[in-house]
Engineer: 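Mind looking over this structure? Questions follow.
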Amino acid sequence: MKKYAQVIVDNNSIYTDNFFTYEIPDDILDQIKIGHRVLVPFGKSNKPIQGFIFDILDENEEHKNTKKIIDILDEEPLLRDVDIKIIKWMKDEYLCKFIEAIDCIYPKGYRVNTYKVIHLVNNNFTYENLRFEEKKIIDEILKHKGKISLDKLKKNIKSNIDSYIKKLREKRIIQITWESKSIKNEKYVYSLRLNIQNSEVENTIQSLNKKRSFKQAQIISFLANKEKVLLDDLIKELKVTKSSIKSLQEKDLIKIEKIDYFRKIETTYKIDEKEINLNQEQIKAVNILKSNIQNESKKPFLLHGVTGSGKTEVYIKIIQEMLSLGKDSIVLVPEISLTPQTIARFKNRFNDTIALLHSRLSDGQRQDEYKRIKQGKAKIVIGARSAIFAPCKDLGIVIIDEFHESSYKSETSPKYNTIEVAKKLCEETGSILLLGSATPSIDEYYKCEIGEYNKIELKNRANNKQMPPIEVIDMKEELNNGNKSIFSRALYEAIDNNLVNKTQTILFLNRRGYANFISCRKCSYLFKCSSCDISLTYHKYKNIAKCHYCGYEVEVPKKCPSCDSLYLKEFGIGTEKIEEEIKKYFPNARVLRMDRDTTSKKGSHEDILNKFKNGQADILIGTQMISKGLDFPNVTLVGILSADMMLNFPDFKSSEKTFQIINQVAGRAGRDLLKGRVILQTYDTEHYSIRYAKNYDYLGFYNEEIKIRKIFNYKPFNSLISVVVFGKNEKSVIKNIQKIYDAVIYVLNKKGINNFQFILGPNPCPISKINNNYRWQILFKDLDIEIKLLKGIIKYICIEKRDFLLDSDVSLSIDTDPESIL
DNA sequence: AGCACGCCGACT
DNA sequence: GTCGGCGTGCTC
């Protein structure tokens, strides 16, 4: 009986974002499964493209003209059953296309290359009657055994031949079809062994020598009495070429076996392995988790453990438990704390059972890791956000460390929230979800309060040390007392002290570059990016002004470009400036700076950390990058240079973020035997973020913040959906965002809703231009309206009716619960 | 999206 | 004629 497949095709268009029905040919009927990647003919020209099987049906009621699937592209289905569920869920949740959700899941090296080939179909033509160019085409095709790729043909015949090809086609002399090649970017090694009995070896060698196949004879004698030899070794050893090996294979004298080769990932960072001795709190935490493994319905766990309370040890113990049950674990870490140090900690413990997935892997390496997980060779996956989609076979637990980090929200469509995806994944697979943080996000902590999550607490630091005391310094006061420097007197003295005592200092400022902007003091000319609505950051070392959004750089002239005065001045501070000031005040101090500018080279990250760890520097200056996971026993002082810098951001999460980052950076001091000290400089000493952070009082902060969220209808009480229209043509952008607004109002009116308080906009985005794209947004809150209904309406207007409604010169971005609305 | 096709103006 | 540029319509 014929069967039919429901296929999602790899075509990133809204019009093809639905199931296509294909007939399954008999020869693959018994192999094909849901989740398989297949090759299907598509469109008028039957171009072969990738597709994904979402369902297999016995009948095909709706369509008459079904085409047949060409082939299956992988032995095993690329998508697991749970992947299919997640894809469907993501599509609804994040208002994205099927193919966008699918793209999150399978490694991007798997693809199909297509090209057109031109071949002779008919010999019933008189060559002599053809025109010169037509002859040339036919000659070229015949030269390549009756078939050549169109690209190659055009390259070989340099003149324009399109019209002659068309003519030949009309005369039915040639035909153009599509061909394809499946690319997997996989690496294999090959092993050789004899395919003849030992007793036959002598004879074979003799007969080969007779035919003057000396190299082949040499290979046979080399292989004799050996179990297996690697192809590469053989080639090196005997200085033979692949051709002699190939002919031996054709004569069936040897067997070649393909072996998966896994490219090694280098980790240069080494740490001394400490024996894990869990304290009472940690043991209790592990036991709670363990007792839940068999539990049918699993609530997620929120592990609230103060900095240094040993969350990682808890993770390791529960992973060990999972391993002993044969189950897989996924550990997600924010990209910036996926440091060699963190990796080494897990690697030391689990060795080769670990697969690593992060942005710095090459495509090949990522592919290898993917395969190792898929084949069950790696049972523990450590990675950033996207590792949540790792193809584990039998998942036991998902751990999201530092789950409050904003990097768990994807910035590209689909703009998924990793915690939500993980929750769905765990629900579907019956796995445990463990969210760990010292400073939980307000949203998730609220879910503990209302009983959606179980809470586990680690209240004490593993070594029972107190958190280092935080001294808050009022920089307004410093200024009043005549100190114009970026260092308060207290911080200056503390740094000086540390230099004398030969202990180390970390200075934190969440901004790279030298100064945030540069302008003319005479005419107030401001250096701005030509393609973005952003002032340029000054990088003194290179003497450039740089746009941190699009990367645009311009050399800073001596004179003001507008009024020719010499009064150009930079304002605000960045890490580069701190480095300069430190060198000015403490010329003998050895300084390292770690930010995106100094870590762009591969391995530079490791370099800086290793140097600091080995005591080759006294002071480490850095951005967010240094706020996490670093464990340096000799650091006794942490200076937070401008704690309130983030507070001025127009973002409802800025208080939360400030509180979190102070906590994290402070935790870098006094981690070992030496006593730590934190100096926090701010202009706003009375802000509640700073007040509670000073005492490491998470609950106090939470209670204050949750009240504000309630009053202003922010998360977790209300959702926010942002719709941004952007494009090069500002008028068109405005016109189109207005169309969306009008359409939403129209639909709402029809549904009897007349109060539009919950819609904000359309307005220009706070950053109104990026990369020459003008940006306008509408914000929707689910106030007095069901979130499902709201999403439905937005989906209907912005996705389903998009082409009908919107012009083609604008693009659209939808973000549910955006991390930032800039 | 991305492909094919068809129509139209420009140009040897 | 004939080249190529763009607008249109469809994808099992």
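Because only heavy atoms are used, hydrogens play no part in the values below, and waters and symmetry mates are left out as well, while side chains stay in. To find a chain, count down the sequence lines: A is the first, B the second, and so on, and within it residues start at 1. Bear in mind the structure is a predicted one, so any value in this text is a computation, not a measurement.
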Engineer: What heavy-atom pair brings A/L790 and A/K781 nearest, and what distance separates the two atoms?
Structural biologist: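 Residues A/L790 and A/K781, closest heavy atoms: CD2-O, 3.9 Å.
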
Engineer: Are A/F54 and A/F19 close enough that their ring centers fall under 6.0 Å?
Structural biologist: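 Yes.
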
Engineer: Should A/K791 and A/E93 count as an ion pair when the cut-off is N to O under 4.0 Å?
Structural biologist: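 Looking at A/K791 and A/E93, the cut-off is met.
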
Engineer: Taking only N and O in the side chain of A/S45, is any of them less than 4.0 Å away from OP1 or OP2 of B/dA4?
Structural biologist: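 Yes, because at least one side-chain N or O of A/S45 sits under 4.0 Å from OP1 or OP2 of B/dA4.
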
Engineer: So, is A/S163 close to the C/dC3 phosphate, meaning a side-chain N or O under 4.0 Å from OP1 or OP2?
Structural biologist: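 Checking C/dC3 against A/S163, a side-chain N or O does come within under 4.0 Å of OP1 or OP2.
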
Engineer: Restricting both atoms to N or O, compile the protein contacts to nucleotides 4-9 of chain C shorter than 3.5 Å, with distance only.
Structural biologist:
| from | atom 1 | to | atom 2 | distance (Å) |
| --- | --- | --- | --- | --- |
| C/dG4 | OP1 | A/N160 | ND2 | 2.7 |
| C/dG4 | OP2 | A/N160 | ND2 | 3.0 |

Engineer: Students often get this wrong, so: under 4.0 angstrom with heavy atoms, is A/N11 touching a base, only sugar-phosphate, or nothing?
Structural biologist: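 Base, at least one base atom sits under 4.0 Å.
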
Engineer: If you look at every strand shown and take non-hydrogen atoms under 4.0 Å, does A/Y22 touch a base, only sugar-phosphate, or nothing?
Structural biologist: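 Sugar-phosphate contact only.
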
Engineer: Could you check how far CD of A/E170 sits from P of B/dA4, rounded to whole Å?
Structural biologist: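 In whole Å, B/dA4 P and A/E170 CD are 15 Å from each other.
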
Engineer: If you look at every strand shown and take non-hydrogen atoms under 4.0 Å, does A/Y15 touch a base, only sugar-phosphate, or nothing?
Structural biologist: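 The residue A/Y15 makes base contact.
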
Engineer: By nearest atom, which of the nucleotides C/dC3, C/dC12, B/dC3 is closest to the A/K67 side chain?
Structural biologist: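 Nearest to the side chain of A/K67 among the choices is C/dC12.
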
Engineer: Which pair of non-hydrogen atoms, one from A/D17 and one from A/F98, has the smallest distance, and what is that distance?
Structural biologist: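 Of all heavy-atom pairs spanning A/D17 and A/F98, the closest is OD1-N, 2.8 Å.
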
Engineer: List the atom pairs, with distances to 0.1 Å, where a side-chain N or O of residues 31-39 of chain A and a protein N or O form a donor-acceptor pair under 3.5 Å, not counting sequence neighbours.
Structural biologist:
| from | atom 1 | to | atom 2 | distance (Å) |
| --- | --- | --- | --- | --- |
| A/Q31 | NE2 | A/D27 | O | 3.4 |
| A/H36 | ND1 | A/K33 | N | 3.0 |
| A/H36 | NE2 | A/D74 | O | 3.2 |
| A/H36 | NE2 | A/E75 | O | 2.9 |
| A/R37 | NE | A/D74 | OD2 | 2.9 |
| A/R37 | NH1 | A/Q50 | OE1 | 2.4 |
| A/R37 | NH2 | A/D74 | OD1 | 2.9 |

Engineer: Without decimals, in angstroms, what is the distance between A/K166 NZ and C/dT2 C1'?
Structural biologist: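 Answer to the nearest Å: 10 Å.
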
Engineer: When the distance from NZ of A/K68 to P of C/dC12 is rounded to whole Å, what number comes out?
Structural biologist: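 From A/K68 NZ to C/dC12 P: 16 Å.
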
Engineer: B/dC3, C/dC12, B/dA1: which one has an atom nearest the side-chain heavy atoms of A/K47?
Structural biologist: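 Closest of the options to the side chain of A/K47: B/dC3.
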
Engineer: Select base, sugar-phosphate, or nothing to describe what A/K116 touches, counting heavy atoms under 4.0 Å on all strands.
Structural biologist: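 The answer is sugar-phosphate, as A/K116 gets under 4.0 Å only of primed atoms, P, OP1 or OP2.
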
Engineer: Please assess A/Y106 against A/F52 for the test ring-ring contact (aromatic ring centres under 6.0 Å, His included), listing each intermediate value before the final yes or no.
Structural biologist: CA-CA 11 Å; A/Y106 79 101; A/F52 296 86; 5.2 Å; yes

